[in-house]
Amino acid sequence: MKEQLYTIPLNDAVNAGDECPFCFVERSLEQDTLDFVLGSCASYMESDVRDLTDAQGFCRDHFKKMFDYGNTLGNAWILKTHYKKMRTEFSDRAKHFQPGKVSFADRLRGKSAEGNSIVDWLNEKENSCYVCRHMEEIYERYIDTFFVMYRSDENFRKKIAESKGFCLTHLRDLCVNADKRMSSAELQSFYDVILPLVESNLDRLQEDVSWLVEKFDYRNKDADWKNSRDAIQRGMQKLKGGYPSDPPYKMPK
């Protein structure tokens, strides 16, 4: 299969021998997005980008990662106009806000007023993040590419079958999308490969973590560590995705 825009990074992720190729893809996506938002290309100075970041804002996790990234001026510019938009929206909602009424009987039952416009606005902002949204849009294209390659590229299927499988978080995404995209016969073949693959690699991680515990027994102090030295971070990744031991991603000097 001819490598194109999304097949190359996906092949790179599979070839990396990681615990989950989609964790590998997501980390690259996130770092690329931070570079775009705050890096030397200075996209934060472009009005169309700032319109989006002003409107969508950032989640708590990505505010922290933006702070760790290290571009003080870039963060300040983004916050300056984002605050202006947030302040305008909040003032408008506060001006027109009227608390809902709750009867005495409902209060005794523990019921609260419905239709709180301030809460609705806060929920909207809490669930909106420019980095998350940008990553999700591109991640969906990688999911599309995975199934195109899996169905058409025998070598790719072989590499998946011989890989370390997927974390459970990204396995869920694959299962949801397989059910939508594959015929009954394709599904059976897919799950016949993927489920044993994931199970065997969960067993491998369980053994690594268990041996790490045993290494703290004084009787095993001179025993080989085997593959247990980094079992904690790999074990966490396999269950929930991500890279727990990664240092903060910082702006390239």
Side-chain angles (χ1 to χ4, degrees), residues 22-23 25-27 29-39 41-144 167-170 172-177 179-180 239-242 244 248-249 251:
F22 282 102
C23 287
V25 164
E26 275 195 336
R27 178 170 60 185
L29 279 177
E30 183 173 63
Q31 292 176 352
D32 289 347
T33 305
L34 289 172
D35 287 339
F36 174 74
V37 172
L38 286 168
C41 65
S43 65
Y44 56 86
M45 296 300 293
E46 301 294 332
S47 60
D48 57 336
V49 175
R50 287 268 288 289
D51 285 345
L52 289 173
T53 59
D54 288 347
Q56 296 174 13
F58 301 90
C59 65
R60 180 189 298 184
D61 184 47
H62 283 122
F63 263 141
K64 176 65 169 67
K65 290 181 179 182
M66 289 164 64
F67 180 82
D68 289 338
Y69 189 81
N71 185 344
T72 301
L73 178 60
N75 275 304
W77 267 112
I78 289 169
L79 284 174
K80 178 182 177 181
T81 52
H82 180 51
Y83 257 94
K84 182 177 180 181
K85 183 169 181 60
M86 293 285 283
R87 185 69 180 85
T88 300
E89 289 186 12
F90 181 81
S91 295
D92 182 65
R93 280 154 181 77
K95 179 180 179 180
H96 297 96
F97 176 73
Q98 289 185 337
K101 295 181 179 180
V102 185
S103 69
F104 179 72
D106 282 344
R107 289 184 188 277
L108 291 178
R109 297 188 188 101
K111 291 185 177 181
S112 58
E114 297 180 359
N116 188 314
S117 61
I118 297 296
V119 172
D120 292 343
W121 180 75
L122 292 171
N123 284 335
E124 175 190 328
K125 297 305 174 184
E126 184 71 19
N127 295 317
S128 181
C129 173
Y130 175 85
V131 177
C132 288
R133 187 172 298 184
H134 184 76
M135 288 175 59
E136 286 166 4
E137 290 173 356
I138 300 178
Y139 175 75
E140 285 300 316
R141 297 172 196 168
Y142 280 112
I143 291 288
D144 290 340
C167 72
L168 297 186
T169 298
H170 291 123
R172 176 201 60 200
D173 294 345
L174 289 178
C175 290
V176 168
N177 282 276
D179 290 348
K180 293 177 181 177
L239 293 176
K240 294 296 181 181
Y249 182 63
M251 184 177 183

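Note that these values count all heavy atoms, side chains included, but never hydrogens, waters or copies made by symmetry.
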May I have all residue pairs that pass salt bridge (charged side-chain N to carboxylate O under 4.0 Å, His left out) and include part of residues 57-69, sequence neighbours excluded? E30-K65, D61-K65, K64-D68
From F58 atom CZ to F67 atom CZ, the distance as rounded to the nearest 0.5 Å: 15.5 Å
Between H62 and V37, is a side-chain contact (heavy atoms from CB on, under 4.5 Å) present by the stated rule, with each step listed? CA-CA 11 Å; H62 283 122; V37 172; over 6 Å; no
Residues forming a side chain to side chain contact (heavy atoms under 4.5 Å, CB included) with S128, sequence neighbours excluded: Q56, R133
Nearest atoms (heavy-atom pairs only) where C23 meets G242: SG-N, 3.3 Å
Between the CZ atom in F97 and the CZ atom in F90, the distance rounded to the nearest 0.5 Å is 9.5 Å
Take a 6.0 Å sphere around CD of E126 and say whether it holds more than 12 heavy atoms from other residues, nucleotides or ligands. no
Distance-minimising heavy-atom pair for H82 and D54: ND1-O, 2.9 Å
Roughly how far, to the nearest 0.5 Å, is the OH atom of Y249 from the CD atom of Q31? 5.0 Å
Got more than 12 heavy atoms from elsewhere within 6.0 Å of CH2, W121? yes
Quick one: NZ on K95 to CZ on R93, what's the gap to the nearest 0.5 Å? 13.5 Å
For R87, which residues count as a side-chain hydrogen bond (donor to acceptor under 3.5 Å, both in side chains) partner, sequence neighbours excluded? S91
Please report the shortest heavy-atom distance between C167 and G241, naming the atom on each side. SG-CA, 3.7 Å
Value rounded to 0.5 Å, distance of CG in L52 from CZ in R50: 12.0 Å
Taking only distance into account, with no hydrogens and no angle test, what donor-acceptor pairs under 3.5 Å do side-chain atoms of residues 134-143 form with protein atoms, sequence neighbours excluded?
unit_1 : atom_1 : unit_2 : atom_2 : d
Y139   : OH     : D173   : OD2    : 2.6
R141   : NH1    : Y6     : OH     : 2.9

Decide yes or no on side-chain contact (heavy atoms from CB on, under 4.5 Å) for K80 and K84, but give the supporting numbers first. CA-CA 7 Å; K80 178 182 177 181; K84 182 177 180 181; over 6 Å; no
Between atom CD of Q98 and atom CG of N116, what is the distance when rounded to the nearest 0.5 Å? 11.5 Å
Applying side chain to side chain contact (heavy atoms under 4.5 Å, CB included) to L122 and not counting sequence neighbours gives I118
If we only count heavy atoms from C-beta on, is the T169 to F22 side-chain gap below 4.5 Å? no
For N71, enumerate each residue passing the side chain to side chain contact (heavy atoms under 4.5 Å, CB included) test, keeping only those at least two apart in sequence or located in another chain. L38, Y44, Y69, L73, M251
